[in-house]
There are 2 protein chains.
Amino acid sequence: MAERIPSGTRDFLPDEMRELRAMTDRLRTVFEGAGYGEVYTPALEFERTFQGDLPAGPAYRLFDEHGNVLVLRADMTVPIARVAATRYASEPPPLRFSYFAHAYRRVRPQRGQSREFLQAGVELIGAPAPAGTAEVLNVLCDALDAAGLENFRVGLGDVMLYPALLRSHGIDEQSGERILALLAKGDFVGVERELAGAELSDADAELLLRVPRIRGGSEVLDGLTGPLLEAGMGMQDVLELLSPQTAARVIFDFGLVRSIGYYTGAVFQVYDPAYGTPLGSGGRYDELLGRFGRPLPAVGFALNVERLHIALTGEERGRG
Amino acid sequence: MAERIPSGTRDFLPDEMRELRAMTDRLRTVFEGAGYGEVYTPALEFERTFQGDLPAGPAYRLFDEHGNVLVLRADMTVPIARVAATRYASEPPPLRFSYFAHAYRRVRPQRGQSREFLQAGVELIGAPAPAGTAEVLNVLCDALDAAGLENFRVGLGDVMLYPALLRSHGIDEQSGERILALLAKGDFVGVERELAGAELSDADAELLLRVPRIRGGSEVLDGLTGPLLEAGMGMQDVLELLSPQTAARVIFDFGLVRSIGYYTGAVFQVYDPAYGTPLGSGGRYDELLGRFGRPLPAVGFALNVERLHIALTGEERGRG
């Protein structure tokens, strides 16, 4: 029998919808309470709005009646950057926005990827690191607390850290890009192969393999030197501005690399033992707003609402 | 300067979003209270799911990675019929569903049409006329009351009425289709021209021009004869099952014709003096479920959330 709906899409029936609504209502209460007013932008945007900044996987393209190329939004960060720069062009920063919106990505068959998924997130525009980053991390953890998730952790890294380390060891840009792509997939064997091709001392090669595996509490920030020092100090500065509850959730992760083109500094990912892959992610995108004519530093996160719901249900089941 | 977003789309900023959320929460409370559990279906469906039943204007078509043709849903009625027939195949009727979802339609330039719009609605599946029709009209009016709309009216017609009248006067099918299309656009001059080409007595031509203009209270149902009698009796049966508050809102409208291919009997439209075009519409689609393998009579409505909000704001402004 032919499939009824496209792979990577789902029907949501009333029992699940009721739980999802209750969960998003709790998230919205935290977002609004922290001053992040909800916005909604069109699902269809001009492709030129996104430029090179479409997240993983090509987007859906279609044509309007004038022959313009439209895309189904692949995330809400770029549209909100557009809104902030154009609809709030003379509003003094910082600007705070939240959203609950579906995003769309092309899927590779048989990978269990979602073609359509509901995201909940915030964007803080005009607040530089470290204070802006810390504020958004606090909102993230408060929202997850309010949703009822108990065991989550937030991985915090810096997309500048590892590229700086590669450059300082004379790895050329092309090889560096390949290494970063391998790291993004968690392919350490591939990284090792790529590093073996570079002219490195054993100690340097060992360091370049070891650093992206560094994960832990604030102790991993101690004693950093060379190109690691700056990123480590940045993370330390963020840590000092976190609420105690948020700080207790953070795991520093030197292996977090650029998953979306627009990230420029701190990046984070939300994990929960009740779900195998990240429930959400975020980071700083200090260069994106400039593209829309209002250069402002910015930071935000997006939660995958369906994954969050599964993790929540899994935790509840675990507590029996 | 180039347009920032496609014509027929909009950004919704926090003040408006807060009002829209409050309004949809009130609608959802009425829907859930009446037993209509919320469902969400994918925005992307196989084109074959919709067959000929895409509402006005062609839909957005795109291809998946297997070369299947996908469309952006143009309404939620067809997807919910699919869900009811496949996911609730052995559930005893009636089935009650509600939704809050964006729909997408291609626009003709410079017409002020929406390319994307949020719909709120219900579908009642397995409840024949007149009881099912009356239940849905009661839910519709209760929801609009809960939203705070004061001056709305619901036009109630029957898509079988005028075609039966045309047939009984020997109008051939092709000419009949043209007349119905003209009526749907409100083009009475065109209808008159088309009727002049048929071989009709003056009295018959006058009748065929007069009937689609009949609008009013239950008095318009009195003294109907011939092909009007059956549709009139159907409307009378519905009227008797309406709550007094709903009955007070209803205007019988013999000019309501088939706007979407799947309608089979009663159709309705929501009007408010504070907005120039219908805020929503609905009707019976007793043949649609059979296409998905579970023949059941059905009826539903969809409200355009943005238009409803504008009407509400207009009324409030009018009350000062």
Side-chain angles (χ1 to χ4, degrees), chain A residues 2-18 20-21 25 28 32 35-46 48-49 60-66 68 70 72 79-80 82-83 85-88 96-102 104 106-109 115-116 118 292, chain B residues 2-18 20-21 25 28 32 35-46 48-49 60-66 68 70 72 79-80 82-83 85-88 96-102 104 106-109 115-116 118 292:
Chain A
E3 289 172 272
R4 283 193 284 260
I5 51 177
S7 64
T9 68
R10 280 185 55 203
D11 294 316
F12 294 79
L13 305 185
D15 287 346
E16 185 176 9
M17 279 304 290
R18 231 166 269 128
L20 290 174
R21 286 285 180 196
D25 283 350
R28 186 178 298 108
E32 290 272 354
Y36 291 76
E38 187 179 358
V39 293
Y40 182 81
T41 66
L44 293 164
E45 296 243 12
F46 292 124
R48 60 172 183 265
T49 299
Y60 285 101
R61 284 178 178 73
L62 29 90
F63 293 90
D64 75 2
E65 55 290 346
H66 301 292
N68 295 305
L70 307 183
L72 278 172
I80 290 178
R82 174 184 59 67
V83 167
T86 58
R87 304 288 303 268
Y88 294 83
R96 293 178 173 86
F97 301 108
S98 65
Y99 59 89
F100 295 82
H102 290 87
Y104 301 88
R106 283 194 171 277
V107 300
R108 274 168 289 180
R115 208 182 284 276
E116 174 182 41
L118 180 61
F292 296 102
Chain B
E3 289 172 270
R4 282 193 286 258
I5 50 176
S7 66
T9 68
R10 282 184 54 201
D11 294 316
F12 293 79
L13 305 185
D15 287 346
E16 185 176 7
M17 279 304 289
R18 231 165 270 129
L20 290 174
R21 286 284 180 194
D25 282 351
R28 187 178 296 108
E32 290 271 354
Y36 291 76
E38 186 179 359
V39 293
Y40 182 81
T41 67
L44 293 165
E45 297 242 12
F46 291 125
R48 60 173 183 265
T49 299
Y60 286 101
R61 285 179 178 72
L62 29 90
F63 293 90
D64 75 4
E65 55 291 346
H66 301 291
N68 294 307
L70 307 183
L72 277 171
I80 290 178
R82 173 184 59 67
V83 166
T86 58
R87 303 289 302 268
Y88 295 83
R96 293 179 173 86
F97 300 108
S98 65
Y99 59 89
F100 294 82
H102 290 87
Y104 301 88
R106 284 193 171 277
V107 301
R108 275 168 287 181
R115 207 182 284 275
E116 173 183 41
L118 181 61
F292 296 102

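Chain identifiers are assigned alphabetically (A, B, ...) following the order of the sequence lines, protein sequences preceding nucleic acid strands; residue numbering begins at 1 within each chain.
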Quiz item: Side chains of Tyr60(B) and Arg115(B): does their closest heavy-atom pair fall under 4.5 Å?
Solution: yes

Quiz item: Given that the side chain runs from C-beta out, which part of Phe100(B) has a heavy atom under 4.5 Å from chain A: side chain, backbone, both or neither?
Solution: both

Practice problem: Mind ranking Leu118(B), Thr41(B), Leu70(B), Leu44(B) by heavy-atom pairs under 4.5 Å with chain A and telling me who comes out on top? | Solution: Leu44(B)

Exercise. Would you mind checking which part of Glu116(A) comes under 4.5 Å of any heavy atom in chain B, side chain (CB onward), backbone (N, CA, C, O), both or neither?
Key: side chain

Quiz item: Considering only heavy atoms, which portion of Leu13(B) lies under 4.5 Å from any heavy atom of chain A: side chain, backbone, both, or neither?
Solution: both

Practice problem: With a 4.5 angstrom heavy-atom cut-off, could you sort out which part of Ile5(A) is near chain B: side chain, backbone, both or neither? | Solution: both

Quiz item: Heavy-atom distance under 4.5 Å to chain B: side chain of Arg10(A), backbone, both or neither?
Solution: backbone

Quiz item: In terms of heavy-atom pairs under 4.5 Å with chain A, which of Thr9(B), Val39(B), Leu20(B) leads?
Solution: Val39(B)

Quiz item: For Arg82(A) and Asp11(B), what are the C-alpha separation, side-chain angles and deciding distance, and is it a salt bridge (charged side-chain N to carboxylate O under 4.0 Å, His left out)?
Solution: CA-CA 10 Å; Arg82(A) 174 184 59 67; Asp11(B) 294 316; 2.8 Å; yes

Practice problem: List for me each residue that meets ring pair (Phe, Tyr, Trp, His ring centres under 6.0 Å) alongside Phe63(B), sequence neighbours excluded, and say none if there are none. | Solution: none

Quiz prompt | Those residues that, when tested against Glu32(B), pass side-chain contact (heavy atoms from CB on, under 4.5 Å) (two or more places apart) | solution = Arg18(A), Arg28(B), Glu38(B)

Quiz item: Which residue out of Phe292(A), Tyr88(A), Phe97(A), Phe46(A) racks up the most heavy-atom pairs below 4.5 Å with chain B?
Solution: Phe46(A)

Exercise. Specify which of Pro42(A), Ser98(A), Gly37(A), Gly8(A) makes the most heavy-atom pairs with chain B at under 4.5 Å.
Key: Pro42(A)

Self-check item: Proximity breakdown for Asn68(A) and chain B, heavy-atom pairs closer than 4.5 Å
Solution: neither

